[in-house]
*Asks:* 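Would you mind keeping the following structure in view while I ask a few things?
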Protein chains: 2
Amino acid sequence: MGLEKDITIYDIADKLGVSPSTVSRALKNHTSIGSATRKKILAAAHDLGYRANTFASNLRRQRTNTLGIMVHELRSSFITSVLSGIENIAAETNYDLIITHSSENAAKEAANAENLFHKRVDGLIASLSFDTKDLNHFRKFFDKGLPVIFFDRVFEQGEGTKVIIDNYRAGYNATSHLIEQGCRRIAHITSSLSRNVYSERFRGYSAALRENNIPYEDNLLVVDSLSEEAAVRSANAILAISPAVDAVFITNDMCAAVVMQVIKEAGLRIPEDIAIIGFNNDMIGKVTNPKLSTIDYPGFQIGQVAARQIIHHLQGITDINMTNTIIINSELVIRGSSLKKQT
Amino acid sequence: MGLEKDITIYDIADKLGVSPSTVSRALKNHTSIGSATRKKILAAAHDLGYRANTFASNLRRQRTNTLGIMVHELRSSFITSVLSGIENIAAETNYDLIITHSSENAAKEAANAENLFHKRVDGLIASLSFDTKDLNHFRKFFDKGLPVIFFDRVFEQGEGTKVIIDNYRAGYNATSHLIEQGCRRIAHITSSLSRNVYSERFRGYSAALRENNIPYEDNLLVVDSLSEEAAVRSANAILAISPAVDAVFITNDMCAAVVMQVIKEAGLRIPEDIAIIGFNNDMIGKVTNPKLSTIDYPGFQIGQVAARQIIHHLQGITDINMTNTIIINSELVIRGSSLKKQT
DNA sequence: CTGTGTTTCGCAATCGGTTACTTTCATTAA
DNA sequence: TTAATGAAAGTAACCGATTGCGAAACACAG
């Protein structure tokens with residue numbers, strides 16, 4: 001096998017009879033290199049199959065050109081879309097990504113933060129785990145002036161820039177839509193209200209009820225984990241409510257799909273007896289019967305925005321500290337599961 | 001903000017009055033350091049909040065402790081499971097990952113390979129894109145003796161180690177199951193037969209038919225892209241076949257779910273009129289009505305095995321070149337969509 | 001007390017780029 | 001003609017960890 005040593009800027013310098021520094025500068029389009037020299041060097045680099053040694057560069061420049069990504073779960077289509085968006089921008093700008101996930105565990109999240117800090121990433125893009133209580137494990141980043149961007153699960157009042165949707169409005173729109181369809185006893189299946197995404201959606205839900213003079217009832221609120229088993233539990237809880245529920249707003253499509261199934265198995269019709277609206281606009285909502293109304297949560301776009309933002313900051317184009325929160329647009333997607341009136 | 005410079009082995013050495021080399025060796029448990037000295041150094045490192053500089057180390061050792069991952073698509077639950085499995089092992093062994101995706105594009109795949117090569121990853125784990133025709137873009141890795149492991153989409157005869165399931169057997173089992181259920185006109189919706197996974201499953205399908213004296217018919221084979229739109233097309237193609245089809249083996253659960261929907265909308269019953277079996281065991285199969293029979297494709301496990309294999313090779317524990325192919329177990333999961341007989 | 005082995009460390013070169021500071025020339029103003 | 005100005009390129013000191021080579025220190029047998 002061809003174990004020839006890699007060629008370096010010194011090799012190029014030797015071949016052309018110039019100094020390594022000239023080669024280095026030419027390679028990165030530094031201004032103080034004559035265009036003739038630059039051209040020669042670029043050509044030679046190409047001919048010799050030169051590949052830059054990132055470590056040498058990182059070591060010297062004290063930067064890594066790497067972003068740390070922290071997510072709470074990899075196996076989620078929303079998260080995957082976000083990653084896809086981040087990767088899209090990172091690839092363009094030649095940044096690497098190190099992706100970690102916390103499995104919804106605050107301790108593991110802290111360990112990941114520590115690890116990424118040691119790896120000296122230039123910045124962080126993170127969505128908090130389910131049971132994260134504070135941002136202490138990001139302290140080192142803040143203190144060192146390293147940019148941190150949160151998305152999805154965030155502390156709205158905390159440090160760092162956030163890229164989120166207007167969860168309040170999303171919850172409000174979903175609920176208003178159900179009310180317009182004639183529903184009055186609207187249940188809400190969601191996860192812990194201590195997480196911003198869920199508490200805000202709940203605020204929107206409550207506000208919509210209030211504005212339509214529908215009294216809020218505590219027993220219409222079901223808080224559980226949104227997992228598959230939890231979905232079955234929640235659905236049964238909903239079915240047991242009396243007087244009967246005529247609509248459910250569920251903050252997760254996968255969960256909603258399972259709930260729909262339980263409801264149908266119980267002999268009720270969707271949307272005639274119970275209208276359903278989910279959240280995320282996952283693929284799964286397109287194959288349920290009827291198809292699932294939902295809120296589109298544009299992960300790809302969120303990932304792009306977050307990545308672009310942090311990279312521009314690192315490139316000195318913008319200052320991230322000037323931006324506290326970026327709101328991405330999200331839309332109500334109406335399909336069969338909530339459409340009682342023909343329009 | 002606290003921009004104190006990082007502390008290095010030199011700082012530790014100064015503080016303790018030993019040489020940097022001693023510190024370096026102590027930190028990596030080199031044998032030739034007295035245990036008293038080692039203990040002192042470890043303690044000092046901890047006190048001072050020392051964090052190793054990977055670049056300096058990489059530069060010197062000419063290794064990166066990073067694996068390159070190449071997938072054809074990020075937004076797939078199978079792929080995500082694999083990534084999860086890889087991450088699981090990599091985290092344990094302190095390897096970083098750089099994840100790239102080709103969007104099913106051979107040219108982008110080649111560019112990614114080139115990029116990872118320049119980034120000097122220690123090894124590669126890859127699933128080929130849809131239209132990859134050869135392994136030329138991996139040549140540099142092979143030539144340099146860098147380990148490459150393929151999974152899922154592979155060239156079974158090509159260079160490199162492969163981690164796959166027995167796709168032939170999976171196709172055979174799925175089809176045999178349908179035959180046992182009394183089906184005789186079994187259609188097969190799949191993707192390009194030039195990809196190993198699909199051609200092997202097709203071989204299994206054909207073999208099962210042959211063994212049961214069911215003649216193979218060309219028009220029962222539908223090759224398309226498995227996307228959502230393709231699924232609708234394929235389903236309609238199936239419905240147009242005469243004499244009517246009584247079962248379909250589809251090599252992708254998402255596609256199968258959509259096909260089921262089209263079939264039901266056409267007024268046919270599943271499984272009574274048409275039995276369905278998918279592939280992958282995605283979440284989506286659990287919320288269709290009826291639930292989808294499928295082949296479990298254990299992504300997490302595949303990821304773990306691939307990662308473990310390549311890392312052990314890098315650590316010198318095993319030699320990857322001794323292993324050509326690793327077959328992971330996959331199982332038939334029977335649910336409602338294919339169960340015509342009560343057992 | 002000398003010689004042979006071990007164990008434990010230190011010296012110093014090295015990995016490949018980057019960049020502050022100089023030097024070298026050529027052009028231009030005085 | 002000469003000094004000033006600026007563009008182009010070179011010098012060399014880093015960045016922090018690793019490691020081959022060899023020296024010092026100590027143990028122990030003869």
Side-chain angles (χ1 to χ4, degrees), chain A residues 3-42 44-45 48-66 94 117-120 122 144 314-316, chain B residues 3-42 44-45 48-66 94 96 117-120 122 144:
Chain A
L3 286 178
E4 338 80 32
K5 56 234 151 285
D6 288 305
I7 76 122
T8 72
I9 55 170
Y10 296 94
D11 298 324
I12 301 181
D14 282 351
K15 179 177 176 185
L16 264 43
V18 298
S19 81
S21 50
T22 303
V23 176
S24 172
R25 286 192 265 252
L27 253 20
K28 57 185 306 233
N29 288 327
H30 196 280
T31 51
S32 79
I33 297 295
S35 64
T37 322
R38 184 204 317 294
K39 199 168 296 176
K40 256 197 331 190
I41 291 176
L42 258 30
L48 274 52
Y50 169 74
R51 52 174 186 159
N53 186 318
T54 332
F55 316 125
S57 170
N58 285 344
L59 175 58
R60 181 60 228 236
R61 297 188 312 133
Q62 302 285 53
R63 287 186 53 175
T64 62
N65 253 62
T66 300
N94 222 29
F117 183 72
H118 275 71
K119 297 258 172 66
R120 293 164 204 248
D122 290 341
K144 242 186 168 343
L314 291 170
Q315 295 175 331
Chain B
L3 288 177
E4 337 79 31
K5 57 233 150 285
D6 288 306
I7 77 122
T8 72
I9 56 170
Y10 296 94
D11 299 323
I12 300 180
D14 282 352
K15 179 176 175 185
L16 266 40
V18 298
S19 80
S21 46
T22 302
V23 175
S24 172
R25 286 192 263 252
L27 254 20
K28 57 183 308 232
N29 290 326
H30 197 281
T31 51
S32 79
I33 297 294
S35 65
T37 323
R38 185 205 316 292
K39 200 169 293 177
K40 255 196 330 188
I41 292 177
L42 259 27
L48 274 53
Y50 168 75
R51 52 174 185 157
N53 187 318
T54 333
F55 317 124
S57 171
N58 285 345
L59 175 58
R60 181 60 227 240
R61 299 189 311 135
Q62 303 285 54
R63 288 187 51 175
T64 62
N65 254 63
T66 299
N94 222 29
D96 287 333
F117 183 73
H118 275 70
K119 296 259 170 66
R120 294 164 202 247
D122 290 340
K144 241 187 168 345

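We name chains A, B, ... by the order of the sequence lines, and we start the count at 1 in each one.
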*Asks:* Any side-chain to backbone donor/acceptor pair from A:D122 onto A:R63? Under 3.5 Å, distance only.
*Replies:* no

*Asks:* Ignoring hydrogens and angles, state whether a donor on the side chain of B:T64 or B:N58 is under 3.5 Å from an acceptor on the partner side chain.
*Replies:* no

*Asks:* As an exercise, state the distance from CG of B:N65 to CG of B:N94, rounded to the nearest 0.5 Å.
*Replies:* 6.5 Å

*Asks:* Search all heavy atoms of A:H118 against all heavy atoms of B:R51 and return the closest pair with its distance.
*Replies:* CD2-CB, 3.0 Å

*Asks:* Does any non-hydrogen side-chain atom of B:F55 lie less than 4.5 Å from one of A:T54?
*Replies:* no

*Asks:* How far does CD1 of A:I9 sit from CD1 of A:I41, to the nearest 0.5 angstrom?
*Replies:* 10.0 Å

*Asks:* Base, backbone or nothing for each nucleotide of nucleotides 7-17 of chain C, written B, S, -, heavy atoms under 4.0 angstrom, 5' to 3'?
*Replies:* -BBBB-BBBBB

*Asks:* Looking just at side-chain N and O atoms, do A:S24 and A:S21 make a donor-acceptor pair shorter than 3.5 Å?
*Replies:* no

*Asks:* Tell me the closest heavy-atom pair linking A:A56 and B:L59, and the distance in Å.
*Replies:* CB-CD1, 3.9 Å

*Asks:* If we fit an axis to the first five pairs and another to the last five of the helix from C:dC1-D:dG30 to C:dA30-D:dT1, what angle do they make, to the nearest 10°?
*Replies:* 50°

*Asks:* Using atom types as modelled and distance alone, determine if a side-chain donor or acceptor of A:D14 lies under 3.5 Å from a backbone N or O of A:D11.
*Replies:* no

*Asks:* Which is the 5'-most and which the 3'-most nucleotide of DNA chain D that has an atom under 4.0 Å from a heavy atom of chain B?
*Replies:* D:dG16 to D:dG20

*Asks:* Closest approach of A:A13 and A:P20, non-hydrogen atoms and distance?
*Replies:* CB-N, 3.7 Å

